[in-house]
Structure formats: structure tokens, C-alpha cells
J.: 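Take a look at this one; I'll ask things after.
The basis for the numbers below is simple: all heavy atoms, side chains too, and nothing from hydrogens, waters or symmetry mates. Letters A, B, ... mirror the listed sequences (proteins, then strands); counts begin at 1. For clarity, every value in this text was computed on a predicted model and none was experimentally measured.
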Amino acid sequence: MGEFTFSKSERLTQRPQFQQVMNRGQKRRIDRICTVFFLPNELGRKRLGIIASKKIGNAVARNRAKRKIREVFRALKGSIGPAVDIVVISGKDLVPLPFSVLEKKMSKVLLALR
RNA sequence: GAAGUAAACCAGGUGACCGCUGUUCCGGCUUCAUGGCCGGAAGAGAGGAAAGUCCGGGCUCCACAGGGCAGGAUACUCCGUAACGCGGAGUGGGGGCGACCCUAAGGAAAGUGCCACAGAAAAGACACAGCCUACCCGGCGGUUCGCCGCCGGCGGCAAAGGUGAAAAGGUGAGGUAAGAGCUCACCAGUACCGCUGGCGACAGCGGUAGCUUGGCAAACCCUAUCCGGAGCAAGAUCGAAUAGGAAAGUGUUCGAGGGCGGCCCGUCCGAUGCUUUCGGGUUGAUCGCUCGAGCCUGCCGGCAACGGCAGGCCUAGAUUGAUGGUCACCGUCCCACCUUCGGGUGGGGAACAGAACCCGGCUUAUGGUUUGCUUCGGCU
RNA sequence: GUCCCCAUCGUCUAGCCUGGCCCAGGACACCGGCCUUUCACGCCGGCGACGCGGGUUCGAAUCCCGCUGGGGACG
């Protein structure tokens with residue numbers, strides 16, 4: 001597995017997995033941009049799940065938000081904790097934000113987790 | 001140049017690095033095996049609207065898609081199409097100086113209903129105010145004894161009046177007691193007949209008729225044509241898990257119930273069954289799933305929509321849902337500054353919007369380019 | 001993804017089917033006044049809406065079409 005890849009095994013794909021992370025994990029808010037949940041797992045790899053509800057916009061806006069979050073995860077996953085499940089709930093102010101700004105803000109939170 | 005109008009086209013490009021989803025091939029591991037996992041390579045990867053889900057189909061299941069009623073849809077003509085409520089070409093009507101645009105555009109002498117307020121009256125003119133007193137009857141007066149005048153009755157009239165969105169053809173003349181298509185001339189309109197042109201809607205011309213019949217069917221309705229119902233969460237296969245539950249009702253060929261969306265018929269299935277409520281369990285995988293009324297080019301037929309023939313091409317198939325990020329250059333637009341008016345430098349921007357079974361349309365959102373045409377203004 | 005439903009004052013609604021009596025009625029809320037020593041209750045008055053754009057009609061909240069914004073159901 002490469003250093004910056006993002007394959008299927010690194011994603012949360014089912015509803016119970018999401019709910020477990022959101023109910024039992026730690027919670028961090030980043031302004032009105034997004035909310036992040038953490039929960040360590042025993043799988044030996046990091047997994048990411050993204051929630052982008054209809055509140056933040058139409059299909060184009062939702063897809064764009066997901067892609068940005070995914071890119072941030074891909075760039076930073078080498079430097080964050082060993083085995084953890086992450087769920088990111090995208091907020092309304094994330095949509096017009098450029099990628100570089102988002103990366104800075106999220107890295108602060110993700111790297112604080114040790 | 002400005003304003004407008006119609007049509008066509010594009011949806012920034014190229015390169016590098018990292019990343020995502022299928023397909024094919026190669027290698028490794030694993031499995032009895034289909035296969036699965038990991039790594040690598042090649043090649044592919046959103047739209048003109050993918051949107052709204054407003055119509056029409058294909059496909060799948062329900063019975064092979066049956067009959068009638070109910071219900072729904074459509075409504076000038078011809079053509080196109082798998083089909084359409086769509087498109088093309090026309091006809092009639094309306095709008096605009098014009099290019100051009102809009103048009104649910106059958107039937108109101110089949111029937112029912114409605115037409116507020118105002119007005120006499122909103123459709124069977126039972127006539128409010130009004131006009132007239134010819135004919136007939138009565139009374140009074142006059143009389144040349146023929147009749148005349150006045151009043152009243154019986155009656156006649158629909159012209160002029162105001163209202164209203166809309167008032168029973170319009171104008172003029174004749175006619176009359178007063179009037180009226182009562183008659184005539186011209187005009188408008190309706191119906192029918194004939195001729196000419198057109199496949200047809202219809203148009204043009206001529207004649208006849210009664211002289212005239214209000215509007216609303218996006219009110220009910222009538223007529224004609226079309227429509228069986230659901231929808232890929234359709235449907236098929238495999239696997240997992242829980243339970244073979246509880247209550248109420250109903251029924252065993254004199255037949256409940258279901259296929260069958262509403263009813264009837266018809267037909268098929270049909271018995272510790274069916275219906276309702278409560279309770280419980282899975283909430284996975286594969287197929288369907290992308291080669292199709294497909295796309296491109298050329299020729300032919302047709303005014304066109306479109307059709308035919310020949311050649312070539314394979315062009316997304318996800319399922320927390322794949323197209324992104326960074327950098328460079330070029331093109332384009334805007335702003336600021338400089339300018340030798342050629343341009344240069346710096347900064348910023350680029351719309352609407354994301355396939356989910358697939359097509360044909362419609363509608364809506366939206367950035368730009370080009371071309372034809374129209375009107376107005378200027379110059380030559 | 002597919003299939004349905006709804007929209008009227010600040011809120012809940014009536015009227016829509018069958019167009020005119022409707023510059024749209026009622027209740028609560030809000031504002032002003034009266035009553036009361038004051039508040040509440042009560043009484044009187046006021047403010048305030050047909051989601052948007054077209055069409056049919058003399059006339060549209062109502063009928064028809066197209067949008068917009070909400071809500072619901074599913075194997």
C-alpha cells in the first residue's frame with residue numbers, strides 16, 4: 001500500500017460503523033466548517049468516513065466537499081495516529097473554502113491527536 | 001453603431017507528479033474449484049441540460065393483457081416517428097413598423113347550468129319608462145246623415161333611452177296609425193348549393209335562403225381518438241438469521257380469499273387456509289447493467305421533420321456512491337499602472353451544474369462564440 | 001433512485017370542488033384605548049395573508065399550465 005493512496009479498505013462504508021464512531025469517539029469542531037469524530041480501532045489501519053448532507057448544497061457542492069476532505073486525509077494520513085476511525089461531518093462553510101486553507105485548519109486538529 | 005429577432009456551435013487546452021472507479025493482460029499468494037486478495041502495465045472514465053420527473057416508449061413481473069362500466073388524457077390539417085400531449089410543413093385567429101412570435105384552435109340550432117353589480121330585460125323578449133289609436137267596441141259632441149273630432153277600452157310596436165364586459169345585424173331610403181329586414185340598396189355575418197385550386201384543414205368566385213341564431217365547454221357535458229396495472233427499491237439466483245409465535249375475524253366445493261389498481265363479467269389458482277393487528281429476524285452478495293429505436297462520415301430521396309444505403313467505431317457503470325489536488329505554460333475576459341498606441345507588467349475571474357436500468361421529447365437553470373435577417377441612426 | 005402530497009395574516013385554520021356577495025372570514029398573538037389603585041379577565045378599535053410567473057374569462061385565492069419551497073412513503 002503506497003504512502004498517499006486511498007483504497008476501499010480505508011473507508012467506512014456502512015451505517016453501524018459510522019454510528020459507533022459518532023457515539024463512542026471523541027468530538028472536535030472546527031468553526032462552522034466541519035465536525036470530526038475519532039475512535040481507535042484494532043484493525044491496524046486508519047479509516048475515513050465522510051458525511052455531506054443535503055444542507056450544505058446540491059450534488060456538486062456535496063461531491064466537492066467530499067473530495068477536499070479526502071485529499072486532506074490522503075496528505076496527512078502518514079503523520080496521524082496509528083489505527084483510528086475518523087468521521088467528518090461537512091458543514092456549510094466548507095464549500096467555498098480553498099483546499100490549502102482547509103488543509104491547514106484540519107491538520108491542526110488531526111495532528112493534535114496522538 | 002444601437003436595439004431587436006431567429007438559428008447553429010462550444011462547454012478552456014497542453015504537459016508533469018500524486019490519487020480514485022471499472023475493463024483487459026502479466027506476476028505473486030490463497031482456495032478442491034468458480035473465485036478472492038496484493039502488486040504492476042495498457043487503455044477508458046459525466047451533461048447540454050446528467051436537473052425537474054411533465055409526457056411517450058423499450059425492458060421486467062403480475063394471466064396470454066380478455067369484454068363492459070367507471071376513470072384519465074388529447075382535440076385545425078397533412079406528414080414524420082417505436083410512440084407521444086413531441087417534431088416538421090401548412091390553414092385559420094391574434095400581436096408587432098418589421099424580421100418574426102404566440103395560439104388546449106372540435107361541438108353552444110343534443111341537453112343542463114352560470115352570466116355578480118348595474119339595467120326594463122343577460123336569452124322563451126310575458127317589455128320599465130315610452131310611441132301609436134289604423135281595425136273593432138263603448139261614451140260624448142258636431143253633422144251636408146257619407147262621416148268627422150275628442151276620451152276610454154280592446155289592442156299594436158320594439159325605432160329612439162340610460163346600464164353593462166356583453167343588449168337580439170349596421171348605414172341610408174321607402175313604408176306605416178306608430179313601427180319593425182316589413183321592403184329595397186350597400187356592407188358584415190350564418191347555412192346550403194355549384195365551380196376552380198389544394199391529399200387535406202381551407203381559400204377564391206358565383207348563386208340561393210331565412211333575413212340574424214349573445215358569451216362561457218381551461219362549467220357539467222356530447223363527439224372522435226388513445227390508455228390494463230405497477231415499476232430496476234421491477235425482477236431472478238445464492239447465502240445468512242429468527243420464528244415455525246400471540247390475539248381477533250372468516251372459511252372448507254352451497255367455496256373464503258388471491259392473481260385483478262375501482263366495480264361487474266369472464267377466466268385461472270385454491271384449503272389447519274386467508275385477512276387484520278401485535279411481536280421477532282436479516283437488513284448481505286451476484287446477475288439485471290450497459291451493443292443501443294447507438295455514434296461518426298459520405299451519398300441518395302424529401303421544402304423539412306425524417307428515412308434509405310454504404311463504410312467505419314465501441315464510447316462511464318459507481319453502491320457512504322468513482323473524474324480530484326498541486327505546479328507550469330498558452331488562450332480568453334475584467335481591473336489597475338506604464339505606453340513609442342504595436343503592446344507590456346501585476347492582480348483577479350470563468351456560468352448552470354454530477355450519470356445510478358436505458359432511450360425519444362418537453363420544461364426550467366446557465367457562460368460564451370458565430371451567422372442570417374429586421375428597424376433606426378451615422379459616414380461614403 | 002422511484003412514487004405521492006401540501007402551500008391563505010406572526011401561528012392555527014375557513015373559503016377553492018360549484019369563479020363575482022371577498023382590497024378574503026374566525027381564533028390566538030401584537031398595538032392603542034376603556035375598565036381597575038395596578039396586573040389579569042372583560043369590552044371597543046386597529047395592524048396584518050391568497051408562494052411566484054403566464055393563460056382562460058368581462059372578472060381568478062378558486063379553473064388550466066410552468067416554476068419555487070416544504071413534507072411523506074418504499075425491498
J.: When you measure from the side-chain N and O atoms of R70(A) to the phosphate of G321(B), is any distance below 4.0 Å, counting only OP1 and OP2?
T.: yes
J.: Under a 3.5 Å cut-off for both distances, is G377(B) Watson-Crick or wobble paired, and to whom?
T.: none
J.: Say we look at U315(B) and G43(B): how far apart would their P atoms be, to the nearest angstrom?
T.: 13 Å
J.: Just label G48(B) as syn or anti from its O4'-C1'-N9-C4 or O4'-C1'-N1-C2 angle, using within 90° of 0 for syn.
T.: syn
J.: With both distances under 3.5 Å as the test, what is the Watson-Crick or G-U wobble partner of C128(B)?
T.: G161(B)
J.: When the P atoms of U326(B) and U53(B) are considered, how many whole Å apart are they?
T.: 34 Å
J.: Taking only the C1' atom of each, what is the distance from A248(B) to C357(B) in whole angstrom?
T.: 44 Å
J.: Going from CE on M106(A) to CD1 on I33(A), what distance comes out if it is rounded to the nearest 0.5 angstrom?
T.: 9.5 Å
J.: Determine the Euclidean distance between corresponding C1' atoms of G67(B) and C227(B); express it in Å to zero decimal places.
T.: 16 Å
J.: Indicate whether OP1 or OP2 belonging to A322(B) is found under 4.0 Å from a side-chain N or O atom of R11(A).
T.: no
J.: Just how far is it from atom CG of L48(A) to atom CZ of R70(A), taken to the nearest 0.5 Å?
T.: 8.0 Å
J.: For nucleotides G228(B) and A243(B), find the distance between their P atoms and express it as a whole number of Å.
T.: 47 Å
J.: Identify whether the glycosidic angle of A99(B) places it syn (within 90° of 0) or anti.
T.: anti
J.: I'd like the C1' distance from U286(B) over to A73(B), given in whole Å.
T.: 42 Å
J.: Under the rule for salt bridge (charged side-chain N to carboxylate O under 4.0 Å, His left out), what residues qualify as partners of R62(A), not counting sequence neighbours?
T.: none
J.: Tell me if U320(B) is syn or anti. Syn = glycosidic torsion within 90° of 0, anti otherwise.
T.: syn
J.: Could you work out the complete set of other residues in the hydrophobic cluster of L39(A), with links drawn between I, L, V, M, F, W and Y side chains under 4.5 Å apart?
T.: L12(A), F18(A), V21(A), M22(A), F37(A), I51(A), V87(A), I89(A)
J.: What's the closest nucleotide to the R74(A) side chain, out of G19(B), A353(B), G325(B)?
T.: G19(B)
J.: Name the pairing partner of C16(C), where a pair is Watson-Crick or G-U wobble with both distances under 3.5 Å, or state none.
T.: none
J.: Would you list the protein and nucleotides 282-284 of chain B atom pairs, both N or O, that sit under 3.5 Å from each other?
T.:
none

J.: Look through every strand shown and name the nucleotide pairing with G42(C) as Watson-Crick or G-U wobble, where both distances are under 3.5 Å.
T.: C34(C)
J.: Syn or anti for U277(B), given that syn means the glycosidic angle lies within 90° of 0?
T.: anti
J.: Would you give the length of the straight line joining atom CZ of R11(A) to atom CZ of F6(A), rounded to the nearest 0.5 angstrom?
T.: 5.0 Å
J.: Could you work out the separation of A356(B) and A234(B) based on their C1' atoms and round it to a whole Å?
T.: 15 Å
J.: Rounded to the nearest Å, what distance is computed from the CZ atom of residue F18(A) to the C1' atom of nucleotide G321(B)?
T.: 11 Å
J.: Under 3.5 Å for both donor-acceptor distances, Watson-Crick or wobble: does G367(B) have a partner, and if so which one?
T.: C10(B)
J.: In whole angstrom, give the distance that lies between atom CZ of R67(A) and atom C1' of G324(B).
T.: 6 Å
J.: Side chain of V60(A), heavy atoms from C-beta onward: which of G321(B), G354(B), C18(B) has the nearest atom to it?
T.: G354(B)
J.: Please determine whether a side-chain nitrogen of the Lys or Arg among E71(A) and K68(A) lies less than 4.0 Å from a carboxylate oxygen of the Asp or Glu.
T.: no
J.: Between C17(B) and C334(B), how far is it from one C1' atom to the other, in whole Å?
T.: 32 Å
J.: Taking only N and O in the side chain of N63(A), is any of them less than 4.0 Å away from OP1 or OP2 of G324(B)?
T.: no
J.: If anything within 90° of 0 is syn and all else is anti, what is G22(B)?
T.: syn
J.: Checking base pairs now: Watson-Crick or wobble, both atom distances under 3.5 Å. What partners A209(B)?
T.: U190(B)
J.: Using heavy atoms to find the nearest nucleotide of RNA chain B for L12(A) and A59(A) separately, return the residue whose nucleotide is more 5′.
T.: L12(A)
J.: Return the OG to CD1 distance between S90(A) and I50(A), rounded to the nearest 0.5 Å.
T.: 9.0 Å
J.: Looking at C20(B) and F6(A): do their rings stack (centroid distance under 5.5 Å, interplanar angle under 30°)?
T.: no
J.: Go through the steps to decide whether L110(A) and F38(A) satisfy the test side chain to side chain contact (heavy atoms under 4.5 Å, CB included), and finish with yes or no.
T.: CA-CA 9 Å; L110(A) 289 172; F38(A) 307 95; 3.8 Å; yes
J.: Paired with C221(B): which nucleotide, if any, by Watson-Crick or G-U wobble criteria at under 3.5 Å for both distances?
T.: G107(B)
